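Worth saying up front: this structure is predicted, and the values here are computed from it rather than measured. Throughout, a chain's letter reflects where its sequence line sits, starting with A, and its residues are numbered from 1.
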Amino acid sequence: MGLKIYNSLTRKKEEFHPLQDKLVRMYTCGVTLYDELHLGHARAAVVFDMIRRYLEFKGYKVIYVTNFTDVDDKMIKRANELGVTIFDLAERFMGEYFEQMEKLGVEKADYHPRATEHVKDIIELIKKLEDKGIAYRKDGDVFFRVKKFPDYGRLSGQSLKELIAGARVEIDEKKEDPLDFALWKRAKEKEPCWDSPWGKGRPGWHIECSAMAMKYLGENIDLHAGGKDLIFPHHENEIAQSEAATGKKFAHFWVHNGLVRINGQKMAKSAKNFITLSDALQKYEGEVLRFYLLSAHYGSPLEFSEQSLEETSFSLERIYNVLNRTDELASVDTIKVTMQSAPEKIKKLSEKFFHSMDDDFNTPSAFAAIFELVKEANAILKEPVKENSKTQLVYIAKKIREAGKILGLFQKKGRQLEDKTEKLVQILIDVREMLRQEKKWELADTIRARLQEVGVQLEDTRGKTLWRVKTNK
RNA sequence: GGCGGUGUAGCCAAGUGGCUAAGGCGGAGGACUGCAAAUCCUCUAUUCCCCGGUUCGAAUCCGGGCGCCGCCUCCA
């Protein structure tokens, strides 16, 4: 059973094989640390985290690198507005980034390189390009000579001719050709800058990714990812710089996530239609957001709606309900389960999950399998408990948690309340049970209603009253 | 204008040549229940934007049209 991934470079789903047997070198374009994150950034981070987890599950050792852009026009502009340095700015938003990523269940990368800490590597790379006659200097700026790289436009599916024809590029007198792009920018007054063979200046945007990817992962990498809006020019330029410098194929797989939309439009800073991640996290738990962000296929656009997020919240609760009930009935750890003991149907559903994931990380289809497992488990829970059905339940719960681990979901155990609080709730339930025995429904219902107000939901089942904490905020 | 993508139920969303068009939410009815909640069962797209074509057979392939989105300038 092989993993297939849609490769933007070839526009085909291809079997994924790393260059070096079990090692995957993966790079994703991170964020610019100039402002708050929004749901678009969150989606990219969550999607690539899921991909990384799945690759690890498949037995690969993944070296994962995601960068921070901490010097560029936007950084400088924002820092000036706030009256701080770009380094202060970076520090602040980097802190927020890690805090929020943790809430989304996004694991740290192996390396989080910053552009400003790799200026030396960047300069080396530009020098290499200059030596080869691919880069040229002009008044302290250095540009990439696009005509020297005939493959330019392959990723975005445009030929050089088409690019020129459709060009809306600003005419920059200094460039030999409008398509050429900056590798190094001469420092203007009071701008942060570094010494270089071309004078004081700072790196262009695209070159940092080439330099850092190659520094940590080598000249050929297995998988390079980013948002669809980065295909052109950013990734196109990355390919051009890297391959022109090394003569080797830069990245074998290019994976691009679809954009988050709101009212049919791309969510973006410039459109002022974004929902910040911090606002979203205020309203919904990180796990709900993560679940939601994975509910569409990663490559499709995702239309943001408050309603969908509410729905996701209920769906998540539904999954936890069945897991918690199973836990109450039987400890997952003490009952031994084997594949053999599971009925065909349950096995098939479990396989469906992995098939879906193997098919270009088809998370919606994978979730469908999980929901079907949930349904099976609930059906079992409805019947009087037998040893055999316990085993099946435990098997299902195990499978759901295993699947959840890959997706970064469903890992919470129990109600996550303090011991004392749990005991208090139990006291209330016991008292209420006495009232119910005496058919004092009004009082019993009041207790239930008041508990519900604080997010504790009672459920009277045949034998006893169960309770759970509502997950939605 | 060029390039890329997309159009599946009230909503979200899989499926890309052939068993009954996944799954979730919502809605209707039923079971359970003192009532709720949770859960289960049944129903909820005779049809996949429209028009042609290929094929024994198409949501799925091809041609044309329409709508929407992204990129071509900073962007996850």
Side-chain angles (χ1 to χ4, degrees), chain A residues 8 11 13 28-32 34 37-48 66 69 72-74 77 153 155-159 161-170 179 205 225-234 236 256-261 264-271 274 291-292 295-297 299-303 305 307-315 317-318 321-322 325 352 356 359 362-372 374-375 377-383 436 439-442 444-445 448-449 452 457-462 465-468 470:
Chain A
S8 306
R11 294 198 180 77
K13 261 187 218 173
T28 72
C29 289
V31 297
T32 303
Y34 77 112
L37 300 178
H38 59 68
L39 288 178
H41 303 110
R43 184 182 194 196
V46 165
V47 161
F48 302 137
T66 185
T69 297
D72 79 337
D73 292 344
K74 288 177 307 222
K77 187 168 170 241
L155 181 68
S156 55
Q158 307 196 84
S159 65
K161 240 191 224 159
E162 285 161 351
L163 281 165
I164 294 160
R168 301 203 315 219
V169 191
E170 228 178 287
L179 291 179
W205 174 39
K228 278 201 157 117
D229 52 355
L230 294 184
I231 293 173
F232 192 92
H234 185 57
E236 198 74 72
H256 290 102
N257 69 280
L259 305 179
V260 177
R261 288 188 202 165
Q265 305 293 317
K266 171 185 171 181
M267 184 178 287
K269 278 273 148 60
S270 49
F274 54 91
F291 197 0
Y292 170 68
S295 67
H297 185 262
S300 312
L302 178 66
E303 175 70 32
S305 85
Q307 193 197 328
S308 302
L309 226 35
E310 293 291 338
E311 286 174 9
T312 304
S313 184
F314 288 124
S315 299
E317 195 167 343
R318 186 169 139 85
N321 282 347
V322 79
R325 285 218 184 167
K352 179 180 169 181
S356 302
D359 183 15
N362 191 340
T363 49
S365 173
F367 283 138
I370 290 174
F371 278 114
E372 287 177 78
V374 168
K375 196 180 227 179
N378 275 322
I380 295 169
L381 279 164
K382 238 191 126 203
E383 302 299 321
R436 291 180 74 215
K439 298 204 190 304
K440 290 184 175 161
W441 307 124
E442 224 172 278
D445 290 353
R448 185 173 61 196
Q452 195 174 8
Q457 179 70 53
L458 300 194
E459 289 167 11
D460 298 323
T461 63
R462 240 187 302 256
T465 299
L466 303 175
W467 66 280
R468 65 196 163 86
K470 294 216 158 205

Examine the base of B:G34 for any acceptor or donor lying under 3.5 Å from a partner atom in the side chain of A:Arg436, and report the outcome as yes or no. yes

Scan A:His256 against the nucleic acid and name what it touches under 4.0 Å (heavy atoms): base, sugar-phosphate only, or nothing. nothing

B:A14, OP1 or OP2 - any side-chain N/O from A:Ser300 closer than 4.0 Å? yes

As its Watson-Crick or G-U partner within any shown strand, both distances under 3.5 Å, B:C61 has B:G53

Look only at the side chain of A:Gln457 and the backbone of A:Gln452, and say whether a donor-acceptor pair between them is shorter than 3.5 Å. no

Polar side-chain contact A:Asp445-B:G34 base: donor and acceptor under 3.5 Å: yes

Would you mind pulling out the nucleotide paired to B:G4, Watson-Crick or G-U wobble, both distances under 3.5 Å? B:C69

Using purine N1 to pyrimidine N3 plus N6-O4 or O6-N4 for Watson-Crick, or N1-O2 and O6-N3 for G-U wobble, both under 3.5 Å, which nucleotide pairs with B:G17? none

Answer with base, sugar-phosphate or nothing: what part of the nucleic acid does A:Asp460 contact at a heavy-atom distance below 4.0 Å? base

Determine if A:Phe367 stacks with B:G23; use a centre-to-centre distance below 5.5 Å and an interplanar angle below 30° as the criteria. no

Between B:A76, B:C72, B:C35, spot the one nearest the side chain of A:Pro233, thanks. B:C72

Given B:A76, B:G24, B:A31, the nucleotide with the shortest approach to the side chain of A:Glu311: B:G24

Is there a donor and acceptor pair closer than 3.5 Å between the side chain of A:Asp72 and the base of B:C74? no

What I want to check is whether an N or O donor and acceptor connect the side chain of A:Arg43 with the base of B:A76 at under 3.5 Å. no

With the side chain of A:Gln307 defined as its heavy atoms from C-beta on, choose the nearest nucleotide among B:A14, B:C11, B:A38. B:C11

Can you tell me which nucleotide in B:A38, B:G70, B:C3 comes closest to the side chain of A:Gln265? B:G70

Measuring only the P atom in each nucleotide, how far is B:U6 from B:C61? A whole number of Å is fine. 10 Å

Should A:Arg468 and A:Arg325 be marked as a side chain to side chain contact (heavy atoms under 4.5 Å, CB included) after you check the CA-CA gap, both sets of side-chain angles, and the distance that decides it? CA-CA 10 Å; A:Arg468 65 196 163 86; A:Arg325 285 218 184 167; 5.9 Å; no

Between B:C71, B:C41, B:A38, spot the one nearest the side chain of A:Lys266, thanks. B:C71

Partners passing salt bridge (charged side-chain N to carboxylate O under 4.0 Å, His left out) against A:Arg436 (at least two apart in sequence or in another chain): A:Glu433, A:Asp460

Winner on side-chain proximity to A:Asn378, out of B:C35, B:G70, B:U39, is B:U39

From B:A14, B:C72, B:A76, nucleotide with atom closest to A:His297 side chain: B:A14

Would you mind telling me which of B:C35, B:C40, B:A22 lies closest to the side-chain atoms of A:Lys382? B:C40

Side-chain contact check for A:Arg318: nearest option of B:G34, B:G24, B:A38 is B:G24

Going from NZ on A:Lys228 to CG on A:Asn257, what distance comes out if it is rounded to the nearest 0.5 angstrom? 8.0 Å

How would you label the contact of A:Lys439 with the nucleic acid (heavy atoms, under 4.0 Å): base, sugar-phosphate, or nothing? nothing

Base paired to B:C43 (Watson-Crick or G-U; both N/O distances under 3.5 angstrom): B:G27

Closest nucleotide of RNA chain B for A:Gly157 versus for A:Thr461: which of these residues is on the 5' side? A:Gly157

For A:Ala44 and A:Arg11, take the nucleotide of RNA chain B holding the closest heavy atom to each; which residue's nucleotide lies nearer the 5' end? A:Arg11

Measuring only the P atom in each nucleotide, how far is B:A37 from B:G29? A whole number of Å is fine. 14 Å

Testing B:A76, B:A22, B:A38 for proximity to the side chain of A:His41, the answer is B:A76

Pairwise C1' distance for B:C62 and B:U55, with rounding to whole Å: 12 Å

